[in-house]
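Remember, predicted model here, so these are calculated numbers, not experimental data.
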Amino acid sequence: MRKLVALPVLSADALSSVAYGPEAMLAVLVLGGAAGLAYSVPVALAIVLLMLAVGLSYRQTIRAYPHGGGSYIVATDNLGRLPGLVAAAGLMTDYILTVAVSVSSGMAAVTSALPGLADEAVSIGVLVIALLLAGNLRGVRQAGALFSAPTYAFVIAIAALVAAGLYDAAGRDFEPVPPPPTHLAEGVGLLLVMRAFASGSTAMTGIEAISNAVPAFQPVAWRNARTTLSWMIGLLIALFAGTVALVHLQGVVPRSEETVLSQLARLSFGSGFMYVFVQAATALVLLLAANTAYNDFPRVLFLLARDRHAPKIFTRLGDRLAFSNGIILLSVAAALVYVAFEGRTAALIPLYAVGVFLAFTLSQSGMVVHWWRRRDRHWRKSLCFNATGALLSAIVFITAGITKFQEGAWVAILTVAVFLLVTTRIRRHYDRVAAALRLHPRLIEIPGGTLAPPCAPSTPPGRPLEAPSGAKAGAGNGVEGGIEGGIGAETGAGNGAGTEAEETPEEIRHLSVVPVDALQLASMRALAYAASLQQPVLALHVALSDEDAERFRAAWLLWGDHLPLRIVVSPYRAVVAPLISYIESLHHQRPDLTITVIIPEIVVRHWWHRLLHSPLAGRLKRALRHLPKIVVTTVPFHVVD
């Protein structure tokens with residue numbers, strides 16, 4: 001991406017937080033009355049310093065991880081598996097709440113302009129999440145001017161709002177308007193100020209997005225990403241500080257029925273075009289910010305599944321080359337959170353701060369370890385930046401966890417704990433299954449593609465059965481050798497080729513196809529079962545890259561190249577679709593054959609463990625049901641866990 005496109009697309013989440021970050025801070029300070037509101041400017045300045053420190057920290061992350069360095073990757077690489085999982089828990093909580101908070105803030109912008117829709121805000125918000133789900137399942141992607149426009153419009157709207165407000169304030173020599181009388185709910189003290197600081201710091205959400213997407217930039221990617229991050233931090237500080245300054249000068253306080261931005265826009269522009277423009281731009285950029293989570297959440301879930309901390313179904317791409325299962329999970333979780341908190345942004349903010357700054361803290365701590373180990377050029381300066389970012393992020397995380405514990409932060413903390421429990425147990429299960437499936441040195445080799453009958457008088461007891469000549473012809477070279485070597489070139493003479501009219505066993509001509517994901521005991525058992533049927537066998541492997549194909553071919557040759565092998569490369573991580581396509585092509589090429597697809601199946605004791613293993617047989621049966629003479633069966637391999 002060019003920087004002019006990357007800036008709005010990747011900054012939507014961070015910049016849109018100006019719509020709710022300052023208001024979240026003020027909603028806490030207003031509890032202390034006029035004395036509490038007097039702290040708005042000092043607290044905002046502290047948050048600006050935090051933005052600057054964390055922004056400089058992520059510039060170092062981009063330099064160290066030019067191929068993308070999210071919190072999960074950085075924490076896992078430098079701090080270990082458990083801190084990496086904690087960072088992932090914070091990230092995933094952050095992404096779920098990004099959708100919920102962005103939608104709730106967007107609905108608040110809409111209902112501020114159209115109060116009549118207030119009673120339907122929750123229902124409309126759920127509908128918006130459903131539309132985001134449908135769009136992302138169909139492969140909608142952020143690209144080009146279409147997705148740049150809302151962010152640029154929001155920046156222009158807030159800049160115009162701040163400029164108009166400052167112009168009005170200049171006419172009275174920047175004398176602040178006294179805020180309306182407010183009910184004093186609690187005394188002003190350190191605890192109130194720290195809570196306001198933690199709430200206002202949610203304006204920093206989304207800062208990590210650019211460091212995640214470094215490969216998407218034009219060359220030199222890391223340098224362009226750092227430049228874009230600097231522009232984003234500059235805009236975020238300007239919009240945040242300008243909004244808080246305007247609130248202070250105009251004497252605006254948070255109100256349940258109207259957002260702070262809406263109040264400022266009414267004071268500066270009345271109810272005309274510019275007011276509508278500000279509200280529309282705010283709603284649109286918040287919608288775009290919610291959509292950014294649909295790119296990042298499935299990606300983190302994919303990384304977890306790749307590392308065996310999440311079910312393998314989350315590595316699967318859908319028909320539109322999107323991680324469909326991750327998208328669905330995000331939508332369901334965000335909708336449940338949104339409904340549970342009745343679409344109230346103020347109620348969601350305490351949960352938001354915990355996840356955001358937990359991920360920030362671990363990411364920046366990981367970078368400190370990274371620089372300490374590497375000690376390359378400018379490592380001391382980079383370490384200082386990252387250490388400062390880690391320290392400040394930790395302060396915000398601890399503050400949010402303590403001061404907002406009863407307001408809902410406990411939910412986020414409990415979610416992280418449950419996430420750790422679930423992911424570690426999933427990894428333990430996969431490790432046990434891997435150990436049970438691991439090949440052992442005394443594994444009996446499987447003979448060739450077709451076998452003589454077990455009772456053949458020419459085969460002495462105890463001797464391995466020999467494959468007939470031609471069974472290995474074309475091994476590793478595709479379908480032709482495997483089929484022709486086992487059954488010859490004859491096609492359907494007198495056997496009703498291409499139909500299902502066979503009435504005797506002699507009329508049925510077989511080919512067994514065994515999908516082999518990896519060379520392990522379950523696959524060996526399926527291959528042995530297929531070979532024991534005394535019919536031609538073809539092993540079929542779907543590789544996700546050319547490198548993966550070469551690795552599997554080398555392992556196959558090391559094993560002994562006993563059966564014909566066909567490797568299909570699927571660079572988009574899809575497995576089932578290439579299998580189905582290949583089997584369909586076999587059927588059309590040789591309609592006289594009855595093709596039996598023999599699938600190794602992992603059988604586990606507990607029902608919840610079945611969720612961790614792909615139901616490949618069922619998917620193939622449904623996909624191939626329309627084709628005649630296709631049989632799908634499974635060979636179970638029982639694992640005790």
Side-chain angles (χ1 to χ4, degrees), residues 308 312 429-454 459 462-468 471-472 474-479 481-482 485-486 510-544 548-568 575-576 579 582-583 595-605 609-610 612-617 620 631-641:
R308 296 185 293 177
K312 292 180 180 178
H429 171 76
Y430 279 136
D431 286 346
R432 288 179 176 176
V433 171
L437 294 174
R438 191 172 296 120
L439 296 177
H440 51 78
R442 290 175 292 180
L443 178 69
I444 299 174
E445 293 184 349
I446 298 174
T450 57
L451 306 176
T459 306
R463 288 186 57 188
L465 300 174
E466 299 293 334
K472 287 181 64 175
N477 296 325
V479 181
H510 283 278
L511 170 66
S512 295
V513 177
V514 184
V516 180
D517 177 53
L519 289 179
Q520 29 88 335
L521 287 180
S523 299
M524 294 296 103
R525 179 173 171 79
L527 289 168
Y529 172 79
S532 72
L533 298 178
Q534 317 298 317
Q535 298 293 338
V537 178
L538 174 68
L540 180 59
H541 176 72
V542 177
L544 303 182
D548 178 50
E550 290 303 320
R551 281 194 298 269
F552 186 85
R553 184 175 287 108
W556 186 265
L557 293 173
L558 182 65
W559 169 62
D561 198 20
H562 296 289
L563 296 172
L565 170 68
R566 177 64 172 175
I567 297 179
V568 178
V575 174
V576 176
L579 280 176
Y582 191 81
I583 293 167
I595 299 175
T596 302
V597 184
I598 301 174
I599 302 170
E601 180 183 21
I602 307 298
V603 179
V604 291
R605 178 185 300 177
H609 286 157
R610 289 200 295 270
L612 304 179
H613 299 277
S614 176
L616 181 60
L620 285 179
V631 178
V632 180
T633 188
T634 60
V635 177
F637 185 91
H638 293 79
V639 176
V640 178
D641 185 7

task = Can you measure from CZ (Phe637) to CG (Leu437) and round to the nearest 0.5 angstrom?
result = 5.0 Å
key: Side-chain heavy-atom pair Leu519, Met524 within 4.5 angstrom cut-off   = yes
task = Flag the pair Val603 / Val639 as yes when at least one side-chain heavy-atom distance between them is below 4.5 Å, and no otherwise.
result = no
query = What's the verdict on side-chain contact (heavy atoms from CB on, under 4.5 Å) for Leu540 and Val568, showing C-alpha distance, side-chain angles and the deciding distance?
reply = CA-CA 8 Å; Leu540 180 59; Val568 178; 3.8 Å; yes
message = Can you list everything that forms a salt bridge (Lys or Arg N to Asp or Glu O under 4.0 Å) with Asp517? Sequence neighbours excluded, please.
response = none
query = Would you say Val513 and Ile598 make side-chain contact, with heavy atoms under 4.5 Å?
reply = no
request  = Mind checking side-chain contact (heavy atoms from CB on, under 4.5 Å) for Asp548 and listing every partner two or more places apart, or none if nothing turns up?
outcome  = His541, Ala543, Ser545, Arg551
ask   = Can you check whether Pro636's main-chain N or O pairs, donor with acceptor, with Arg525's side chain at less than 3.5 Å?
value = yes
ask   = Going by heavy atoms in the side chains, are Leu563 and Leu538 under 4.5 Å from each other?
value = no
ask   = When rounded to the nearest 0.5 angstrom, what distance separates CZ in Arg553 from CG in Leu565?
value = 7.0 Å
ask   = Parallel, tilted or perpendicular: which fits the ring planes of His613 and Tyr430, with parallel below 30° and perpendicular above 60°?
value = perpendicular
key: Atom pair CD1 (Ile602) and NE2 (His609), whose distance is rounded to the nearest 0.5 Å   = 13.5 Å
task = Not counting sequence neighbours, list each pair that qualifies as a ring-ring contact (aromatic ring centres under 6.0 Å, His included) and has a residue in residues 512-531.
result = none
request  = Using side chain to side chain donor-acceptor pair (under 3.5 Å) as the criterion, list what pairs up with Thr634, not counting sequence neighbours.
outcome  = Glu601
message = Using side-chain heavy atoms (C-beta onward) and a distance below 4.5 Å, is Val537 in contact with Val514?
response = yes
key: Residues in side chain to side chain donor-acceptor pair (under 3.5 Å) contact with Gln520, at least two apart in sequence or another chain   = none
